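Below you'll find the structure, written out as structure tokens, and then a few comments.
We name chains A, B, ... by the order of the sequence lines, and we start the count at 1 in each one. Keep in mind that this is a model prediction, so the values were computed, not measured. For the numbers below, each heavy atom of this structure counts, side chains included, while hydrogens, waters and symmetry mates do not.
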2 protein chains.
Amino acid sequence: MQADCFDNALQKLRKRGFKLTPQRRAVLRLFCSDDARHLTAQQAHDAIREREPSIGLVTVYRSLELFTSVEILHRVKFNDGFDRYERHPGAAGHHHHLVCAGCGQVVEFGDCLIRSMEQKLEKTSGFCIEGHWLELIGRCPECRGRAKEDN
Amino acid sequence: MQADCFDNALQKLRKRGFKLTPQRRAVLRLFCSDDARHLTAQQAHDAIREREPSIGLVTVYRSLELFTSVEILHRVKFNDGFDRYERHPGAAGHHHHLVCAGCGQVVEFGDCLIRSMEQKLEKTSGFCIEGHWLELIGRCPECRGRAKEDN
DNA sequence: TGATAATTGAAAGTGGTTTTCATTTGCTAT
DNA sequence: ATAGCAAATGAAAACCACTTTCAATTATCA
Ligand SMILES: [Mn+2]
Ligand SMILES: [Mn+2]
Ligand SMILES: [Zn+2]
Ligand SMILES: [Zn+2]
């Protein structure tokens with residue numbers, strides 16, 4: 001749990017006039033810990049309840065939405081039916097995800113070549129490109145081995 | 001409506017032992033027409049009902065699933081909560097979509113630089129990469145104008 | 001022309017997410 | 001401190017794209 005992450009987020013909420021409730025602090029605390037990555041609302045709720053047993057799942061949903069809107073969190077889609085959340089990358093720049101189809105393990109990578117593709121496309125299409133979603137699906141070394149066994 | 005597209009699809013279904021029902025023919029007819037692109041199940045159902053008024057939405061869902069499994073159709077995700085379908089690109093190779101955040105208009109593009117990114121990543125991560133999802137979000141020229149007016 | 005298994009459509013179910021609404025609570029002005 | 005009030009919370013119900021169930025229908029083939 002990184003203190004500056006937590007304090008910056010509180011600051012941001014205060015500045016915009018949102019109330020600092022124990023529930024919101026608990027959600028922030030979770031996502032400021034380094035091991036909280038790509039969590040679903042349900043996963044976040046389960047984790048938070050260990051410290052804040054009375055918090056409702058609905059409040060977690062609302063906090064995730066609020067924090068995403070003020071860029072404290074970032075919504076990630078793995079196309080598996082769940083919205084997932086991680087700390088907003090901020091100045092560190094965005095990254096993408098390589099998800100194992102076997103075990104769900106996630107590898108992050110930051111050097112994406114999409115900007116140059118986008119610049120070419122902006123010329124040919126006349127669009128102003130505002131963002132992109134990229135998800136790679138594959139198999140991690142362990143799951144490749146397991147697939148071979150099954151044959 | 002391209003006849004060879006339709007006939008090839010019928011052939012494919014027959015070969016695999018699926019029955020050729022009027023409902024399946026109607027779904028195929030729709031997706032073999034050139035203007036049917038990135039349709040949701042509901043949109044497909046609405047279009048098909050003009051010729052086949054009694055077809056059920058459930059049957060459309062089932063046909064889309066079946067046709068996707070035998071690679072007659074291709075499932076596309078714009079991360080807007082709907083599964084969308086288009087003709088399977090086949091030998092023509094896959095393409096990606098640039099979607100306007102204002103009006104939903106879609107531009108397709110085929111030259112994607114992701115393969116080289118994938119090859120680099122396969123080395124560094126040890127994953128075997130099986131596929132990727134890429135969606136670009138932007139604003140078309142008309143919607144850029146409209147946004148400027150609103151200021 | 002039947003026999004048979006696949007297919008269909010209506011209705012009910014599923015599951016992640018959102019809305020409703022009565023109650024509680026953080027914040028501010030006194 | 002304290003009261004007043006808008007914002008936030010939690011339980012329950014609603015939402016909605018999609019899937020499953022099941023009885024009736026139908027394409028296919030002997
Ligand atoms: Mn990430
Ligand atoms: Mn397309
Ligand atoms: Zn794996
Ligand atoms: Zn537009």
Side-chain angles (χ1 to χ4, degrees), chain A residues 9-30 38-70 72-85 104, chain B residues 6 9-30 38-49 51-70 72-85 104:
Chain A
L10 286 187
Q11 199 69 12
K12 209 174 231 178
L13 291 175
R14 219 185 325 253
K15 192 164 54 181
R16 308 218 187 186
F18 295 109
K19 293 186 178 172
L20 304 181
T21 65
Q23 293 89 339
R24 286 177 177 168
R25 284 174 210 270
V27 176
L28 284 178
R29 218 170 5 245
L30 172 63
H38 321 126
L39 299 183
T40 65
Q42 185 64 64
Q43 289 172 332
H45 185 230
D46 291 344
I48 294 164
R49 268 210 287 201
E50 297 187 3
R51 274 172 156 262
E52 195 81 15
S54 69
I55 190 174
L57 177 58
V58 201
T59 299
V60 173
Y61 271 107
R62 280 189 283 230
S63 299
L64 295 175
E65 172 60 31
L66 173 67
F67 296 169
T68 300
S69 75
V70 299
I72 290 171
L73 293 184
H74 186 235
R75 186 180 280 115
V76 179
K77 305 225 180 211
F78 289 176
N79 279 329
D80 62 353
F82 301 90
D83 288 354
R84 293 167 182 277
Y85 296 84
Chain B
F6 186 74
L10 286 187
Q11 199 68 13
K12 209 174 231 177
L13 291 175
R14 216 182 331 249
K15 191 164 53 183
R16 309 219 187 185
F18 295 109
K19 292 186 178 172
L20 305 181
T21 65
Q23 293 89 340
R24 286 177 178 170
R25 285 174 208 269
V27 176
L28 284 178
R29 219 172 2 245
L30 172 63
H38 320 124
L39 300 182
T40 65
Q42 185 63 65
Q43 289 172 332
H45 185 229
D46 291 344
I48 294 163
R49 268 210 288 201
R51 273 171 155 263
E52 195 82 14
S54 68
I55 191 175
L57 177 57
V58 202
T59 299
V60 173
Y61 270 108
R62 282 189 283 229
S63 300
L64 296 175
E65 172 59 31
L66 173 66
F67 296 169
T68 300
S69 75
V70 299
I72 290 171
L73 294 184
H74 186 234
R75 186 179 281 117
V76 179
K77 305 227 180 211
F78 289 178
N79 278 331
D80 62 354
F82 300 91
D83 288 356
R84 293 167 183 276
Y85 296 85

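One atom, CG of A/Asp83, and another, P of C/dT18, lie 7 Å apart when rounded to the nearest Å. In this entry the distance linking NZ of A/Lys19 with C1' of C/dT23 reads 13 Å, nearest Å. The distance from atom CZ of B/Arg75 to atom P of D/dC18 is 9 Å, rounded to the nearest whole Å. Between the OH atom of A/Tyr61 and the P atom of D/dA11 there is a distance of 15 Å, given to the nearest Å. For the pair A/Ile48 CD1 and D/dG10 P, the computed distance is 11 Å after rounding to whole Å. The interatomic distance linking B/Leu10 (CG) with D/dA27 (P) rounds to 14 Å, in whole Å. Nucleotide D/dT28 holds its P atom 13 Å from the CZ atom of B/Phe18, rounded to whole Å. Note: CZ (B/Arg25) to C1' (D/dA27) measures 10 Å, nearest angstrom.
With DNA chain C read from its 5' end, the first of the two nearest nucleotides for A/Ala41 and A/Arg62 is the one closest to A/Ala41. Along DNA chain D, the nucleotide closest to A/Leu57 and the one closest to B/Arg84 are compared, and the more 5′ of them pairs with A/Leu57.
Under the 3.5 Å distance criterion, the side-chain polar atoms of B/His45 are left unmatched by any main-chain donor or acceptor of B/Tyr61. Remark: the backbone N or O of A/Thr40 is paired with a side-chain donor or acceptor of A/Gln43 at under 3.5 angstrom.
Contacts of A/Thr40 with the nucleic acid, taken as non-hydrogen atoms under 4.0 Å apart, are absent. Backbone-only engagement by A/Gln23 is indicated by non-hydrogen atom pairs under 4.0 Å involving sugar-phosphate atoms exclusively.
Closest to the side chain of B/Phe82, out of D/dA17, C/dT19, D/dA8, is D/dA17.
For A/His38 and A/Phe78, the gap between ring centers is short of 6.0 Å.
Phosphate proximity of D/dA7 to A/Thr21: absent, as no side-chain N or O sits under 4.0 Å from OP1 or OP2. Note on B/Thr59: every side-chain N or O is 4.0 Å or more away from OP1 and OP2 of C/dT7.
Using a 4.5 Å heavy-atom threshold, the side chains of A/Leu64 and A/Tyr85 count as touching.
Counted within 6.0 Å of CZ on B/Arg75, heavy atoms from surrounding residues, nucleotides or ligands total more than 12; the atom is thus considered enclosed.
In the interface, the side chain of A/Arg14 is not paired with the base of C/dG26 through any donor and acceptor atom under 3.5 Å apart. Counting distance only, with no hydrogens placed and no angle test, the side-chain atoms of A/Arg24 and the base atoms of C/dG26 include no donor-acceptor pair under 3.5 Å.
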